[in-house]
Amino acid sequence: MRLSQLFTKTSKTVPADESARNAQLLIQAGYISKEMAGVYSYLPLGKRVLDNIAQIVREEMNDIGGQEVQLSVLQNPEIWQKSGRWDDKVVDNWFKTKLKNGTELGIGLTHEEPLTQALGTNINSYKELPVYIYQIQTKFRNELRSKSGLLRGREFLMKDLYSYSKSQADHRKFYEKAADAYIKVYKRLGIGDITYRTYASGGIFSKFSDEFQTISDVGEDTIYVHEARRIAVNKEVLTDDVLNELKLNRNELAEKKAVEVGNIFSLGSKYADSLDVYFTDEKGQQQSVIMGSYGIGISRLMGLLAEHFADDKGLVWPVNVAPAKVYIARLGDDSATVKQADKLYDDLTNSSIEVIYDDRDLRAGNKFADADLLGIPYRVVISTTTANDNNFEYKSRSSEETHRMTFEELLKLLGRDN
RNA sequence: CGGGGUGUAGCGCAGCUCGGUAGCGCGCCGCGUUCGGGACGCGGAGGUCGUGGGUUCAAAUCCCGCCACCCCGACCA
């Protein structure tokens, strides 16, 4: 992508109507724009980051047998009435709207009911279970107060997977598999070391649910971490009984602020039963389907990563999610420099390496500052000097050192995490 | 939803106490000089002062209502 053609621009000033660091940085760098409180649009670079995160999640979900779907946003009240979740007194953060004829509709905030309903006509026999179905879709929740930029919006991108199993044993097996897949996701996003599987309140169907909590000062949750065992307990369930059950000693736990970046829980047969979805077992008996749900906030993760991977100059994206791997800063517009820069841009692009090519008519300082603010992992400077020497100046975003190298050396360095 | 704060040019702000019809920096446009860490000079464009009402000869400024945004709290199946 040539920067001269990118319609977004960076800003030198921090937006006044944001105090969350993630939103400040992402807006300043032109990744997102704010529409209203808790509602953001994703601009070209932000869209790339969001897609990169979603893709990592998608790959891990596919890996455990997930089938991707896209369910409707508009919701039919009837099925929600069957499960008892239509009433505002039960679920208070619905967005609801109306058809022209006055019929009420819901705007999707989760999808247990519609998916189970859709599944019902397809599942009859134990031979057809288990199934694991997921989507990556915008969710709408009418939060009383949104805050912390992308960490808590009224409209946000979420991956939600639902498992349908024929027994508790099968369910538990998949549940653990899903938990492992979540760990892989966080590892790939570069936050594996600060993310903990956390015991949290389980609702009516199981004693605990499992949250995945990433340590961060901007977190809304308080968790108690057992570093050696890589697990944590959410403050909301921390009692002596629970500690005994988990064989945890209170004085081995460290209190931390954390952001909930995932939550998986067991739902039993409540939704399947309330929507009359059953299967016939080996003996010809009708049985309940055991369900689980597994969420990851994609846009929230983007906010968390922006918050975590940043310094006083701007963002510092992990390579896996960065909107581009390399930032080519071309200094000067003499023909030799332009030729070398254009060629490098083409060569890297042809090697499937994503490049942001700063071909704008700006001074060096402006380009360096933008490279830093945008947080592109690697920077290559091209100038008359490098053109004359037929080599390139390379620098990592997270280091101050620059190195001169040949194209082959550069390609080797840039290709290494592909 | 309770408490606190803020709304003035694309962005960041001053002006409001003490009413007289709007200014600064950045950005943008033109010309010139510059050109490896956010250059400089000269010229220029751009504003229903959140919104509705009231007071007044006169309102960005005073009074009342509303809306939006931020923060703290409560809430988050």
Side-chain angles (χ1 to χ4, degrees), chain A residues 7-21 23-24 27-30 33-40 80 83-95 106 109-113 139-149 151-154 156 158 160 200-206 209 211 218-221 234 236 259-260 263 265-268 270-271 293 295 297 300 312-314 327-334 337 341 358 360-374 379-387 392-393 395 397 400 402 404:
Chain A
F7 82 84
T8 59
K9 275 205 302 197
T10 59
S11 165
K12 282 191 202 174
T13 48
V14 179
D17 62 347
E18 293 284 359
S19 59
R21 185 76 178 133
Q24 289 179 344
I27 290 169
Q28 245 189 292
S33 76
K34 182 185 206 155
E35 301 302 326
M36 58 188 109
V39 179
Y40 297 88
W80 295 86
S83 68
R85 292 209 292 181
W86 179 251
D87 196 323
D88 288 334
K89 288 194 272 294
V90 179
V91 174
D92 66 1
N93 55 4
W94 267 113
F95 277 107
L109 38 50
T110 182
H111 286 263
E112 283 85 0
E113 282 84 345
K139 297 276 189 278
F140 299 86
R141 293 188 190 179
N142 203 342
E143 302 281 355
L144 233 40
R145 180 187 166 202
S146 65
K147 59 174 185 174
S148 308
L151 297 182
R152 175 126 180 232
R154 297 198 167 93
F156 55 93
M158 180 172 172
D160 45 330
S201 65
I204 22 178
F205 308 108
S206 61
S209 74
E211 292 175 343
V218 296
E220 296 183 340
D221 288 310
N234 195 309
E236 64 192 23
V259 173
E260 184 189 325
N263 190 193
F265 42 114
S266 299
L267 298 177
K270 175 187 155 86
Y271 296 108
S293 84
R300 174 179 282 183
D312 56 339
K313 289 178 180 158
Y327 189 102
I328 298 178
R330 188 190 76 201
L331 309 186
D333 56 0
D334 56 285
T337 306
D358 195 344
R360 299 173 299 177
D361 180 22
L362 290 177
R363 315 182 112 232
N366 290 288
K367 298 196 176 193
F368 295 157
D370 274 352
D372 289 340
L373 177 59
L374 292 179
R379 188 186 82 189
V380 174
V381 173
I382 289 176
S383 63
T384 34
T385 330
T386 64
F392 303 93
E393 178 187 301
K395 176 185 169 300
R397 172 67 176 83
E400 287 309 311
T402 60
R404 294 285 284 270

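Throughout, a chain's letter reflects where its sequence line sits, starting with A, and its residues are numbered from 1.
Looking at every heavy atom in both residues, A:M158 comes nearest to A:G295 through CE-CA, 3.8 Å. The two residues A:A20 and A:G149 make their nearest non-hydrogen contact at CB-N, 3.6 Å. The two residues A:R154 and A:A37 have their closest heavy-atom pair at NH1-O, 3.1 Å.
Across the protein-nucleic acid pair, A:F368 atom CZ and B:A39 atom C1' stand 15 Å apart, rounded to whole Å. Rounded to an integer number of Å, the gap from A:D221 CG to B:C75 C1' is 13 Å. Rounded to an integer number of Å, the gap from CG of A:N234 to C1' of B:C76 is 12 Å. In this structure, A:R145 places its CZ atom 15 Å from P of B:G4, rounding to the nearest Å. Spacing between atom CG of A:D312 and atom P of B:G38 amounts to 15 Å, rounded to whole angstrom units. Distance A:Y40 OH to B:C69 C1': 10 Å, rounded to the nearest Å. Regarding A:E143, its CD atom lies at a distance of 15 Å from the P atom of B:C1, rounded to whole Å. Between the NZ atom of A:K34 and the P atom of B:A68 there is a distance of 13 Å, given to the nearest Å.
Pair assignment for B:G30 gives B:C42, based on Watson-Crick or G-U wobble hydrogen-bonding distances that are each under 3.5 Å. Under the Watson-Crick or G-U wobble criterion, with both distances below 3.5 Å, B:A68 is paired with B:U6. Pairing for B:U61 is absent, judged as Watson-Crick or G-U wobble with the two contacts each under 3.5 Å. For B:C1, the paired base is B:G73 (Watson-Crick or G-U wobble, both distances below 3.5 Å). With a cut-off of 3.5 Å on both Watson-Crick or G-U wobble distances, the partner of B:A22 is given as none.
Here A:V90 lies out of heavy-atom contact (under 4.0 Å) with every strand. The residue A:D372 sits close to a base: some heavy atom pair falls under 4.0 Å. At the heavy-atom level, A:A369 lies under 4.0 Å from base atoms of the strands shown. Within the nucleic acid shown, A:K367 has no heavy atom closer than 4.0 Å to any nucleic acid atom. Across all strands, A:L109 comes closer than 4.0 Å to base atoms (heavy-atom distances).
Contact annotation: A:N263 side-chain N/O to B:A77 OP1/OP2 distance is not under 4.0 Å. Listed pair A:S383 / B:G36 fails the phosphate criterion, with no side-chain N or O lying under 4.0 Å from OP1 or OP2. OP1 or OP2 of B:C75 has not a single side-chain nitrogen or oxygen of A:R152 nearer than 4.0 Å. Contact annotation: A:K147 side-chain N/O to B:C69 OP1/OP2 distance is not under 4.0 Å. Here A:R363 reaches the OP1 or OP2 of B:A39: one of its side-chain N or O atoms lies under 4.0 Å away. Checking the phosphate oxygens (OP1, OP2) of B:G27, a side-chain nitrogen or oxygen of A:K12 falls inside 4.0 Å.
Which of B:G37, B:C69, B:C13 sits closest to the side chain of A:R379 comes down to B:G37. For A:T13, counting side-chain heavy atoms from C-beta on, the closest listed nucleotide (B:C69, B:G12, B:G37) is B:G12. The side chain of A:N93 lies closest to B:A77 when the candidates are B:A77, B:G12, B:C28. Side-chain atoms of A:K9 lie closest to B:C28 of the nucleotides B:G36, B:C28, B:G38. Nearest to the side-chain atoms of A:V91 among the listed nucleotides B:C71, B:A77, B:G36 stands B:A77. Taking the side chain of A:M36 as heavy atoms from C-beta on, and the options B:G37, B:A77, B:C69, the nearest nucleotide is B:C69. For A:N366, the listed nucleotide lying nearest its side chain is B:G38; candidates were B:C70, B:C1, B:G38.
A gap of 28 Å separates the C1' atoms of B:C62 and B:C71, to the nearest Å. B:U61 and B:G20: their P atoms are spaced 10 Å apart (whole Å). The separation of B:G47 from B:G27, taken at their C1' atoms, amounts to 16 Å, rounded to a whole angstrom. Nucleotides B:G3 and B:A39 have their C1' atoms positioned 48 Å apart, rounded to a whole Å. Spacing between B:C76 and B:A14 at atom P, rounded to whole Å, works out to 38 Å. The same atom, C1', is picked in B:G19 and in B:C49; the two are 14 Å apart, to the nearest Å. A distance of about 38 Å separates the P atoms of B:G12 and B:C57, rounded to the whole Å. Taking atom P on both nucleotides, B:A74 is separated from B:G2 by 16 Å, rounded to a whole Å.
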Worked check of side chain to side chain donor-acceptor pair (under 3.5 Å) between A:E393 and A:T402:
CA-CA 6 Å; A:E393 178 187 301; A:T402 60; 4.6 Å; no
Where do A:N142 and A:F95 land on the side chain to side chain contact (heavy atoms under 4.5 Å, CB included) test, with the steps shown first?
CA-CA 6 Å; A:N142 203 342; A:F95 277 107; 3.6 Å; yes
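A cation-pi arrangement, defined by a distance under 6.0 Å to the six-membered ring centre and an angle within 45 degrees of its axis, is absent between A:R300 and A:F156.
Residue-to-nucleotide proximity on RNA chain B shows that, of A:T384 and A:R85, the 5′-proximal contact is made by A:T384. Toward the 5′ end of RNA chain B lies the nearest nucleotide of A:S19, the other residue of the pair A:E112 and A:S19 mapping further downstream.
Looking at A:S209 and A:E211, their side chains never bring a donor and an acceptor atom within 3.5 Å of each other.
Here the straight-line distance linking atom OH of A:Y271 with atom CZ of A:R85 works out to 3.0 Å at 0.5 Å rounding.
No side-chain heavy atom of A:R397 sits under 4.5 Å from any side-chain heavy atom of A:Y327.
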